[in-house]
Novice: 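Quick one: this structure, given as C-alpha cells, is what I'll be asking you about.
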Amino acid sequence: MRKFLLAAAVTLLAAGGGASCAFADQSAPASASSTQAAQDGPIQPKLQGNIERNLPDEPLVTARHGMVVSAQHLATQIGVDILQQGGNAVDAAVAVGYALAVVHPCCGNIGGGGFMTLHLADGQNLFLDFREKAPLAATEDMMQNAAGQVVKGRSTRTYLGVGVPGTVLGFDEALKHHGTMTLQQVIAPAIKLAKDGYTLEAGDVRILDTSTDAFRRSPNVAATFLDHGQPWKAGQVLKQPELARTLEMISEDGSKAFYDGPIAAAVVKASEANHGLLTLQDFRDYTVQWERPIECGYHGYTIYSAPPPSSGGTTICETLQIIAPYPFAEWGFHSTKSVHYFVEAERRAFADRNTYLGDPAFVDNPITKLLSAEHAAELRASIKPDQATPSSEVQGSLGPYQATNTTHYSVVDGKGNAVAVTFTINSYFGIKQIAGDTGFFLNNEMDDFTSKPEVPNQFGLVQGEANRIQPGKRPLSSMSPTIVMHDGKLFMVTGSPGGSTIISTTMESILNVAEYGMNVKQAIDAPRIHMQWWPDQVFAEPGAFAPGVHAELEAMGYKIRTIRQMGDIAAIVVNPKTGMLESVNDPRYPAGEAAGY
Ligand code: GLY
C-alpha cells in the first residue's frame, strides 16, 4: 500500500477532498517519513491543480535526518537504507545510482554518463564530470553520408551513437574520495534487485512500453525486457540475471572489470560486429574530471551548478543575472510580465549557450564574460518592455530542441552533505541495444554533438562548431545538478531530466521556492515553461498561464506551444523555519518516491 496510504492521508487533509490516486497496491515503505498537506503559499495567480491536469496528488514528505528523492521508489528506499546504516550522502548517491541502473533502465545506467554536484560537510562545493567521451576514431562528419547529409537515426539508434560510458568510473571516484562505505556495500542492493527481480508498477511499465517495438528487434534485449515477446505488465516481476552478473563483476574487480576487463571486451565485440567505433583503448583511456561548479548569486541565494561540458550552470546563472533586478515576486508567478522577462532572458542566454559552449578540453568557454554584470546589463537593455523579440534578432547560431529523457536524484544526509546527480543514456534506453550478455543498455550520447552545423537531427537538435564531434571529446550537455545555499547553509538540492528543458525546469524549481515563496510541493507541481531561442516558441505545460495571461502574451508576439509535460524534478528543500528536510515525488513520474527518516 506504498503510495495509496500516503496519498489517502493527503486526500483527507485536502480541503474539499476529491483527490484521486492511480497507484496499484504496493509494499509498505521502509522509512519513517511523515507527510502533511501542502501549505498555502503566496502564489498568484492560483495554480491549476494536479487533478485538473490529470496528475496524481503526491504528498509532501518531511524528514529530520536524511532524505532521498529519485524517479524509482526502490532506488529511493535503498538510498534511505544506506543513510540509516550510517552511510553518508555520497555512499547513498552511489547506491541509488546503481539501483536506478536496475529499476529505471531507461535512464539510470552503467552504459552512459553524468554529473554529480556535491556540498560537503566541511563547506566544499565540488563537481564531478563523468560524461561520456567520443571514441578515438570519431570524426566530425561521421553522422553524414557521402553527400554530406546527416543520416537519420545513425546517432540515436546505431553503435555509432555510443559514447564511451563514464558512470562506473564516476561512481568509483566519488566513493573513493568522499564516501565512507565500500563499493561492495553500496552495489549489493542493486545486484539483489537484478538477481531476485522487482515487482513492476504502472509507472515502470509505462516507460518500458515506450520501446516495445525496438526491444522486439534484438533477441538479447527481448529475452529480458519482454515477457515472451509481449510487454511486461504491472504486478509481474522483472529479473535481470545478466545485469546481475555484470554488477557482480564490478563489485568483485571494481571499475577495472568495466574499463579493462570482460565488460569492455563484450561492448567492443558488439560494437565491432555492428559497425561501431569503440575499441578497448577507448575504455582504457576513459577519465573522469573534478571541476569547480559554476557559482552565482541570486537575491541572497548562492547557486552551484554544472560547468562545461554541461551548459546547465552557465545558462541558469546567465538567465538569473539578467532577471535579477526585476520584481518577479511582486509581479507574481507566471504573470504576463514575469513570463515576458523570463522568456526574453532565456532566449538570450540560450543563444550564447548554443554559440559558445563545448567541452572545456577542446573549447575555450567564455564563462567570465557570459556571467559578467556588463553582459547581463547589455542583454537586459535589448529586451523590449511590451513586445517579444523575434529569435532572428538575437545573435548566434541556431539552437537545440533535445530529446527529453535522462534522470536526476537528490540526497541529503544528517552529517551536512548533499549530493545532486543527473545521469543519462540520452533517449529512453539509449540506442535500445545491449552488447551481448552484459545486460545494460548503451547510450546514444553522440547525438548530443553537432552532427552537422545548423542541420537538425531527428530531435530538432541544431548546434554550432563549438560542439562538433572530435575524438575523445565530451558532447555538450544540459544536465544541471544544482545545490542552492542561503546564509552559508544548505537550502535546496535540485535537478531534472528533459534535454534542453532541464535548464528551465531546474531554474523554475529554484525561482518557485526562492522568489515566489512556494513550498517544495507547490514548486514541483506548478506547471512549467521553457524557451531555448530556436524554435522561436514558448513551450508551456497545460495550465501554465491564466487565460488572460495567455492572450496578453500572444498579443505581445509570443507563439505558445503546449507540451504534455516537461521533466520530473527531484528536489529537497531545507525548510528555513523548521530546519526539516522537505521533498515530494514529482507527480509527472509516478514510479518515483521521496523518502527520509
Ligand atoms: N543527454 C541530455 C543532456 O546531456 O543534456
Side-chain angles (χ1 to χ4, degrees), residues 71 97 100 104 106-109 111-117 127-134 143 155-157 161-167 170 288-289 291 294 305-316 346 349-350 353-354 357-360 399-409 420-432 441-451 456-464 466-467 469 473-482 494-507 530 532-533 539 566-570:
L100 285 170
H104 194 46
C106 66
C107 311
N109 67 81
F115 302 131
M116 182 182 285
T117 306
F127 180 84
L128 180 60
D129 169 8
F130 53 98
R131 179 80 162 157
E132 301 92 323
K133 287 187 181 187
M143 302 306 173
S155 63
T156 52
R157 295 199 298 270
V162 183
V164 187
T167 297
V288 298
Q289 189 79 26
E291 301 278 0
I294 291 284
S305 193
S310 176
S311 61
T314 310
T315 312
I316 287 173
E346 274 209 316
F350 268 88
R353 173 218 188 266
N354 300 331
L357 300 185
D359 181 352
Y401 170 38
Q402 297 185 336
T404 53
N405 303 296
T406 291
T407 191
H408 173 85
Y409 59 98
V421 179
T422 314
F423 72 149
T424 185
I425 44 177
N426 204 10
S427 314
Y428 270 149
F429 306 100
I431 60 166
K432 303 188 198 290
F441 287 98
L442 289 162
N443 70 83
N444 59 13
E445 225 66 59
M446 294 293 287
D447 191 60
D448 272 349
F449 277 119
T450 307
S451 291
N457 66 4
Q458 69 166 341
F459 299 116
L461 185 76
V462 187
Q463 298 180 103
N467 191 32
I469 303 173
K473 188 178 181 182
R474 301 183 205 259
L476 186 64
S477 171
S478 297
M479 293 189 290
S480 312
T482 299
T494 186
S496 143
S500 54
T501 67
I502 289 171
I503 293 170
S504 305
T505 299
T506 304
M507 189 158 38
H530 169 68
Q532 58 181 31
W533 187 29
F539 295 82
M566 286 164 56
D568 56 306
I569 294 168

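Reckoned from all heavy atoms, side chains included, excluding hydrogens, waters and symmetry mates. Atoms within each ligand, like the ligands themselves, are counted from 1 in listed order.
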Novice: For Asn405, is at least one N or O under 3.5 Å away from an N or O on ligand 1?
Specialist: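 So ligand 1 has no N or O lying under 3.5 Å from an N or O of Asn405.
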
Novice: Do Asp447 side-chain atoms and Thr156 backbone N/O form a donor-acceptor pair below 3.5 Å?
Specialist: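 No: the side chain of Asp447 does not pair with the backbone of Thr156.
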
Novice: Excluding sequence neighbours, so at least two apart, what forms ring pair (Phe, Tyr, Trp, His ring centres under 6.0 Å) with Phe429?
Specialist: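 Phe429 satisfies ring pair (Phe, Tyr, Trp, His ring centres under 6.0 Å) with Phe215, Phe441 once adjacent residues are dropped.
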
Novice: Using a strict cut-off of 4.0 Å, indicate which atoms of ligand 1 neighbour a heavy atom of Met479.
Specialist: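 In order of numbering, the contacting atoms are 3 (C), 4 (O), 5 (O).
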
Novice: Would you tell me which option among Ser310, Ser478, Pro497 has the nearest heavy-atom contact to atom 5 (O) of ligand 1?
Specialist: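 Shortest heavy-atom distance from atom 5 (O) of ligand 1: Ser478.
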
Novice: For Glu132 and Gly113, indicate whether the former's side chain and the latter's backbone hold a donor-acceptor pair under 3.5 Å.
Specialist: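 Answer holds: yes.
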
Novice: I'd like to know if Glu445 pairs up with Arg474 as an ion pair, taking the criterion as any Lys NZ or Arg NE/NH1/NH2 lying under 4.0 Å from an Asp or Glu carboxylate oxygen.
Specialist: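 Looking at Glu445 and Arg474, the cut-off is not met.
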
Novice: At a non-hydrogen distance cut-off of under 4.0 Å, which region of Arg131 contacts ligand 1 (side chain, backbone, both, or neither)?
Specialist: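 Under 4.0 Å from ligand 1, Arg131 contributes side-chain atoms alone.
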
